[in-house]
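Sequence lines set the chain letters: A, B, ... in the order given, protein chains first and strands last, and positions in each chain run from 1. Note that these values count all heavy atoms, side chains included, but never hydrogens, waters or copies made by symmetry.
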Amino acid sequence: MAARYNHREVEPRQRARWDQAKLFEAGTPDPSRPKCYVLEMFPYPSGRIHIGHVRNYAMGDVIARRRRAAGDQVLHPMGWDAFGLPAENAARERGAHPGEWTRDNINTMRTQLQQLGFALDWTREFATCDPSYYRHQQSMFLDFLAAGLVYRKKSKVNWDPVENTVLANEQVVDGRGWRSGALVEQRYLEQWMFAITRFGQELVEALDELTGWPEKVRTMQSNWIGRSEGLKFSFDFDVATPSPVAGGLEVYTTRPDTLFGASFAAISVDHPIALALAEGHTDLAEFCADCRRAGTSEEAVETQEKRGFDTGLRVVHPFDASQTLPVWIANFVLMDYGTGAVFACPAHDQRDLDFARKYNLSVLPVVLPEGAEPEAMVITHTAYVGAGTIFNSGFLDGLTIDAAKAVAINKMEALGQGKRTVNFRLRDWGISRQRYWGSPIPIIHCQNCGPVGVPVEQLPVTLPEDVSFDRPGNPLDHHPSWKHVACPKCGTPALRETDTLDTFVDSSWYWARFCGQPENQPTDLEAVKHWLPVDHYIGGVEHAILHLLYSRFFARAMKSVGHQPYSEPFTRLFTQGMVTHATYKTQNGVWLSPSEVEERDGVWVDREFGQPVTIGAIEKMSKSKRNTVDPEEIIDTYGADVARLFVLSDSPPERDVEWSQSGVEGSWRFIQKVWAAYDALPEDAPGPLTTATVAQGPALELRRAGHKAVAAITAAIDSYRFNSAIAHIHELVGHIRRAETLEAPHMLEARAEVLGILARVMQPFTPHLSEEAWTRLGGDGFCAQAPWPHPDPALLIDTTLIMPVQVNGKKRGELVLEKGMPRDEIEALALKCPDAQPFLVGQNVAKVIVVPDRIINIVTG
RNA sequence: GGGGACGUGGCGAAAUAGGUAGACGCAGCGGACUUAAAAUCCGUUGGAGCGAUCCGUGCGGGUUCAAGUCCCGCCGUCCCUACCA
């Protein structure tokens, strides 16, 4: 009787062997082998791992193990994105110190990840909250400061009133904080900024080269950076209506070709001119205040009505001094894009048209669609934004749009009134956060010297341990002594910067620190040169903009100050789908986890109290909504291999999956079946690296199946089609099991060979089982170190093949043919194919299509 | 408003140079073993029909010997983005 495969005994034993042999340590750079850096986005230590983590890290592990077997020197590290708000929330809620809470979580999650048998180099583990990590982040901040990549600016910031902190633009979603969901307010604060726009051009251009990234992510980044080419120019004010501030009215436009269709100019409510006019002009001031309120809080900007206020000022048309345009304050003009002022051409811009119709402003079409008559070109309620020829436009008449843009810009430049300008939607990255649990910003503010960097030899600036969270705001600011220090320059009493760095900074360069961790430098230059860029970066698509853009910026910034040599950090990016689950809420609005609810008589109730619960949306597993599923039960009941295999089995990895445990038993049964196949092999069978010598018969067929499976599985893994790879593994196991009962020459050899192959191709998915099987087969060393099997090309080609015979495109029969048979012979056989005969009698055969090795189609008529 | 993805059995899904639609798995059904059950194994499972056969990849057209795949036009779902001048 076959022995059951006992994961409880096997898995810890095999993991101990790997650990003892230090199998997954990357080691020092070995120039004799190709390197492969496989990285999954490191986790935030929120408490315990959930199924989503298992899926993410199982994918990376498949790639890492496959590359190692292929002969690459693999770096596959793990660490912790350990700073962040939840730790402070935990501190406020239950009085635990954020550091302690974080450390506990890390310990728990590390144990869980280790139980899953991931081939990780744990010697390189670090957490971003380690002073030995953020120390270097602080020194790089100072490097960037010296290089002009960091600056300080009083700026309008997005203030999250619930979290009491500033948010980056990227962290504001629909006017709400990305985490709290609270309506964001506008405040003015002194902020440290990273000059990410310095690299705007590069960041968008280099996207074309990132062919290993999904098109979708590249498009999203490109849209976010939002490069546009246009003209910046200045209107002179009409002498009759002088501006309250010096200079002309500067505007930015991408449509200088439509300048002759200008009907008015519009400025933002926050434009300096508007602010100046608001002094002593109550109506106007009230209008602006009103717009600001609606402006930032309205989700449905689309439905928001266009509103304006005529300033009474007029500006002179730059190409026609006899013409002046009114200047309006308009709620649809954004102060922080372009110059905060626009000229409006209602005929060819829908927003401008809506505004013009509402306030009875002129509408003059200047672009004529091809074939249209100038008199027939009437704009009513829809602006014309298509192609055409310029008319009604003086010296631009008759030109195409593109030509007219060029001519208009040249003319403006010749007049000295404007300049060709590239504009970006991307803004600089505000990195100051009024938070405790983050990396301190290494700056001391001195009354005499201004902001002074903390001398490098005094780094790290560490967080004080004795902080209290009993009142809102920043505990660093409340701390009695921490911020009081002497100025490093002049020695007079000064104040430490109490803001900490946005935690996105922490995750923007951790990939470089994994390469090597020198004590006195952020990076080991030899090591980063060898290991970077990351070859396979795997993580959620939700980071398509924020994290990935920041990391691309950091790569460039670090390159410019000499900390690593590459512009792009990630060669290949794979965005895996999310694991989702329904959410549950009690009548009182408390979130419940899936394990706390159950279905009773068709109604979902709280397991403990029996109260009905509301089933909410199906969402990404997250701790805040409590819809996580802990893999522990599955690991305990079925084993780590089953958990790994199951999460990769059915769905394509890039697709979201709604979690369901149904089917996990199938994976468990499969593993038992695989073990039975090894167990069925006699003890005296040859080893796993056998090549069976067999010319024909069932043993040859088994070898063919094995080698074809290797080809298919390898191709599937290498293109991230893990679900397909597993399907092919299933098929191969089917072949092996069916062959067990066959008596044929060389069968034992063939079985040993194919079982040896099976262990190695399953190793990335089910490493413990494979290792045990390897030992069972009498293999030397570790399966995890065995070379990836290479299919024998001769076995991939069938000597006979089954070709379907179609009549008029419908399959009517099959022929078994020798490979490479001449076309006319195939044709003759096809016409005699018995199953096809009923469809051919009395028919005239018009032609016979023979696609070699694929299909035959007999066409009648 | 802009951009993108997708639509195939009861379910998750295969089919990535146009070439046997539904691989592989889940669930189901039938059977074997068992006093019985579990476990395991075998068979079966797109729909209609006793059958030969017919119909089937969201809908309507088209190209082709041949379309899930290519083209045109719809419908639907989801994601991202959003007054960016």
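- Remark: A:Arg351 is not positioned above the aromatic ring of A:Phe332, lacking an NZ or CZ atom under 6.0 angstrom from the ring centre and at most 45 degrees off the axis.
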Could I get a table of every N or O pair under 3.5 Å where one atom is in the protein and the other is in nucleotides 5-11 of chain B?
none

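- Contact annotation: A:Tyr252 side-chain N/O to B:A85 OP1/OP2 distance is not under 4.0 Å.
- No hydrogens or angles were tested; on distance alone, a donor-acceptor pair under 3.5 Å links the side chain of A:Arg721 to the base of B:U16.
- One C1' atom belongs to B:G19, the other to B:U69, and the distance between them is 11 Å to the nearest Å.
- A:Arg255 has no carboxylate O lying under 4.0 Å from a charged side-chain N of A:Asp349, or vice versa, which leaves the two without a salt bridge.
- Taken residue by residue, residues 801-811 of chain A places heavy atoms nearer than 4.0 Å to RNA chain B at A:Pro804, A:Gln806, A:Lys810, A:Lys811.
- Taking atom CZ of residue A:Arg227 and atom C1' of nucleotide B:C84, one finds them 15 Å apart after rounding to whole Å.
- Where RNA chain B pairs in unbroken runs of 3 or more (Watson-Crick or G-U, both distances under 3.5 Å), the stems are B:1-7 with B:75-81, B:10-12 with B:24-26, B:28-32 with B:40-44, B:46-48 with B:53-55, B:58-62 with B:70-74.
- Nearest to the side-chain atoms of A:Asn223 among the listed nucleotides B:G25, B:U53, B:G3 stands B:G3.
- For the pair A:Arg425 and A:Trp224, the cation-pi criterion (under 6.0 Å, within 45° of the ring axis) is fulfilled.
- One interatomic measurement links the two molecules: CZ of A:Phe670 to P of B:A39, which rounds to 19 Å at whole-angstrom precision.
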